[in-house]
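This structure is a prediction, so every number in the text was calculated from the model and none was measured. Only heavy atoms go into these numbers, but all of them, side chains included; no hydrogens, no water, no symmetry mates.
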Amino acid sequence: MRTTSTTPARPVLIAALALTTAGSLLLTPHPAGADPKPAPTRHEPALDRRAAQAPASAAARALGIDAPAGRPITGYPREQVLSPDPENPADKSLKLGLTPYHAIAPKLNALQALGDRVSVEVTGKSAGGHRLYLVTVTAPETDRQARAQERMRDLIENAPATAAKSAEIKASYKAPVFFNNNIHGNEWEGTDASLKLIEQLATAKDKRTADLLAHSRLYFNITANPDGRIAGTRANANGFDLNRDFVTASQPETRAMRQIEIDKQPAVMLDLHGYVNGTLIEPTTPPHGENYEYDLFLKNTYANALGMEAAVNGLGYTPAKDGVEPAQIPFRDQQEGWDDWPPIFTPQYAAFHGTVAAHTVEIPLQVNNSAYTSLPVEELRRRSAVNTAVAGAAIRATLDFVQARRASLVADQIEVFRRGAAGAAQVPVSEKTVPGVPGIGPEDVYTTTFPRAYVIPAGRTAAARLVDHLLANDIRVTRATKAFHLSGRTYAKGSYVVDMHQPKRGLANVLLADGRDISDKVSVMYDISGWSLGRLWGAEVTAAPTGRLTGLPLRSVDKATSVGRVAPHGDLGLRLDDPAAIAALNSLLQQGVPVRTTADGGTAIVPASARPKAMALARTHDVAFDATRLTGTTPLHRTRVAAAVTPGELFALREMNFEVTPVSTAVLNAGYDWSATDVLMVSTGLEYTDLTAPARTALDAFLAKPEGHGLVGRGIGGAELSTATGLLAAKPVEGNGDANGVVRMVNAGPITTGTPGYGFVYAPVWFTDLGPQVRVEQSYATGNPLLSGHWRPLEDGSGGPSAAAGRPSVISGPHAVLFGTEPLFRDHPKGEFPQVARALFNMAAVKESG
């Protein structure tokens, strides 16, 4: 769920869109009582112990796709028999009277057996190893008919100007519709509503259903987060909120959903969540993503919202009888706090793949968290039944909307791609450009200026990673076969070029652009407001504002060129400027290879005798081991980390191949053996004052000066532990806790050398009153350090970017390194990861050097 204030802001449209809901197959409601809205949860929680039990190899696990045996299938139905999962009596769905994960495969087998309308495919596996099921419901298609549909789909994206004139598309293209369920594992009921509807569609004999399935393909992601569904957690087995992961795509579930968006190209999608009472149905409040074709998106999303609102309210639930408030549409009913600015959310990401009506739908009655443990089973099941009915009403209304507007929805999707391919200007929203949507004002107008192209110089691991990420997001990339000149600059042979005259230019820009400082636009944002891969991933990205690409020596690529190499003779130098290089280094250390670092900490010196190992690692991690005559100064050793950190930080540490043991106050109080630990990292979940006397004594002994181990701390949690243990003389200052974004930094020490001059903050911290042994490793830039995002001062004028300007953001001493930034946030700012790695190596070595 997402949470926001409900400040009336816009007039209610009295004349609602006339969409028929007659004949919708919905569940019978049950009586109920009121429930307050759950409290907001904005910040990442401390690590769930269960999440820590996921295998460390989950970071590298590729999607496992089960394919049906036999010949390749192109027509519909595409049936397969799913093997059953072991029965799990601990599945949290059971208490609610909902479908447990182990019952889904048998249910899908039964649905396929009902006729020729239902097909099932396995799109991947979750972080915890559970299959991800996509169900397609449509009228049967021969192989030839299915190939025709795919040809039309390709035409819509790749030749939209031609597609716009195609009589075949207008008459016979099946509108793709996507229903995404249970992305937050403890928001269950979308799954059950979809299963019920699939069964109804599979067996319905009426002409309306036959017409719907003859003119659309309905795709149901049955549970996007089976790990969380089973465990009753918001996050997956890696501790990730999947509805925050679409820019980074760190998790297998996210990558599976991304591929559905690319392959199926839905014109309409619903993402079913809980719990906000009354049912919350997007479109959102400002600010609106500036890279959308928002006029097309708002027109359709608002129209479908009205139909869903009517269907949900038409169920007849009332506050007095059932505890269910009337549905709400944030764009119309609220002022701010529920925005669609970042593309980290499923519907917002979908818009960049041509979805012209996309919604988060928050069903009303809370059954998770405290309600799950405190309410009687009977009441929980009553609420779940109401929620399932509400979710079903929203789905069914969307089908009615698609049936009524198929041709215009497809035409608008074509227009999204046409504008991108042609480099056409965006159309600002207004009452004239989006007729029928009330209350559009200047606060809703967000557009951007697209550059002519982006250029990414080749040769570094970060550039290759970024190019492969763009390609995985269906963004077209070319590579120069010769040096070339563009927009006043000369670029080397091999440079990558992203032509911004392409169908998905909005997604290309949202990933590569700096973004915008929107602090003056609204008083509060729902989640992150800046995320630039161009600034945070460690690759050089240059925008070419103007110029002609015609005639340039550019060739399309389907993958980045490998940069991995090993010099043929002598000792080797490995630049420690990328998480892949850190992973390779840690592998060498774990194999007992003697490695030293240069005085600045920026290069690892690997002996020539380790060349065979280096060759294997260069291939695995795509990193370069270059020839060097340097000998290095400080020896490095296998580094074992005890970490009280967020799930995103834990995942990033394991991505860099650190050996990590999650710890917390509870773990230390239970008796923790420090003998297998070299360094402690703390950001959250470890409170010194809450430790028992024995646990405190053991921690103090581990950190004892001068011979002890070191601390790497992040944020207030890490700084407070440093203060409590007397490791570093400095005063942490908290900025506005609602602030976040990409910030300009000044690197000044060996911990940060060679990393980008940009960082990420989420509740920023800086340091004052530095002691004599404290070194400034990095500072916030002077002036306004915020490049993109949202960072305002507090009401008393403190905590803003001007207060942070020029202040230390990363500091170090003999026994601690403290970060006021978020260098591992949600596994995203890849270019900052080496800062943490260097800090860990330094603090693990204090026994020798301190």
Side-chain angles (χ1 to χ4, degrees), residues 1 3 24-39 41 48 50 85-104 106-107 110 181-200 222-223 225-235 272-280 311-328 361-396:
M1 67 160 289
T3 54
S24 295
L25 299 171
L26 302 171
L27 300 178
T28 304
H30 298 269
D35 183 70
K37 294 179 185 177
T41 53
D48 189 318
R50 287 167 293 187
D85 294 284
E87 186 171 340
N88 181 4
D91 190 304
K92 300 296 185 182
S93 308
L94 289 166
K95 184 177 180 179
L96 302 173
L98 299 173
T99 307
Y101 178 77
H102 60 258
I104 290 177
K107 178 68 173 177
N181 302 298
N182 200 201
I183 192 171
H184 290 149
N186 61 356
E187 298 168 12
W188 287 272
E189 292 92 344
T191 293
D192 292 79
S194 287
L195 289 171
K196 289 177 183 294
L197 183 62
I198 291 166
E199 183 171 2
Q200 294 159 4
I222 298 299
T223 168
N225 184 0
D227 301 349
R229 183 176 188 83
I230 295 166
T233 58
R234 180 181 179 92
L272 290 157
H273 289 250
Y275 301 94
V276 175
N277 196 3
T279 301
L280 185 147
V312 168
N313 290 344
L315 293 173
Y317 297 128
T318 68
K321 179 171 65 75
D322 310 291
V324 178
E325 300 290 337
Q328 54 186 317
V361 176
E362 299 277 357
I363 54 182
L365 298 181
Q366 185 185 4
V367 295
N368 63 1
N369 301 332
S370 61
Y372 187 93
T373 57
S374 64
L375 293 177
V377 171
E378 181 181 1
E379 171 61 11
L380 288 171
R381 292 189 174 188
R382 181 196 69 77
R383 292 184 179 199
S384 288
V386 170
N387 289 334
T388 304
V390 170
I395 296 171
R396 191 71 216 196

remark   = Rounded to the nearest 0.5 Å, the NZ atom of K107 sits from the CD1 atom of I104 at a distance of 11.0 Å

request  = Mind running side chain to side chain donor-acceptor pair (under 3.5 Å) on T99 and D192 for me, showing each step along the way?
outcome  = CA-CA 6 Å; T99 307; D192 292 79; 2.7 Å; yes

message = I need the minimum non-hydrogen distance between I222 and N181, along with the two atoms involved.
response = O-CB, 3.2 Å

inquiry  = Within this structure, what is the CD1-CD distance for the pair I363 and E189, rounded to the nearest 0.5 Å?
reply    = 4.0 Å

inquiry  = Quick check: do L98 and R229 have side-chain heavy atoms less than 4.5 Å from each other?
reply    = yes

task = Heavy atoms only: give me the nearest Y275-P364 pair and the separation to one decimal.
result = CB-O, 3.9 Å

ask   = Would you say the side chain of N186 lies within less than 4.5 Å of the side chain of K92, judging by non-hydrogen atoms?
value = no

key: Distance (rounded to the nearest 0.5 Å) between E362 CD and Q328 CD   = 9.5 Å

query = Between W188 and Y372, what is the shortest heavy-atom contact and its length?
reply = CH2-CD1, 3.9 Å

remark   = What one should report as the nearest heavy-atom pair of P319 and P326 is CG-CD, 4.5 Å

Side-chain donor/acceptor of T388 to backbone N/O of A193, under 3.5 Å = no

ask   = For the residue pair S194 and I395, what are the closest heavy atoms and their distance?
value = OG-CD1, 3.6 Å

remark   = Rounded to the nearest 0.5 angstrom, the OG1-CG distance for T233 and N369 is 10.0 Å

key: Listed partners of D91 passing salt bridge (Lys or Arg N to Asp or Glu O under 4.0 Å), at least two apart   = none

key: Reported OG1-to-CG distance for the pair T191 and N182, which is rounded to 0.5 angstrom   = 4.0 Å

task = Using the six-membered ring wherever Trp is involved, compare the ring planes of H273 and H184 and label them parallel, tilted or perpendicular (cut-offs 30° and 60°).
result = perpendicular

key: Side chains of L272 and V361 in contact at under 4.5 Å (non-hydrogen atoms)   = yes

inquiry  = Just verifying a value: how many Å separate E379 CD and L96 CG, rounded to the nearest 0.5 Å?
reply    = 11.5 Å

key: Heavy-atom donor-acceptor pair, N368 side chain to E187 backbone, under 3.5 Å   = no

message = Do Y101 and N88 make a side-chain contact, defined as non-hydrogen atoms from C-beta onward lying under 4.5 Å apart?
response = no

note = Here the pair of heavy atoms bringing E87 nearest to P89 is O-CD, 3.6 Å

query = Is the side chain of N225 donor-acceptor paired with the backbone N or O of R234 at a distance under 3.5 Å, no angle test?
reply = yes

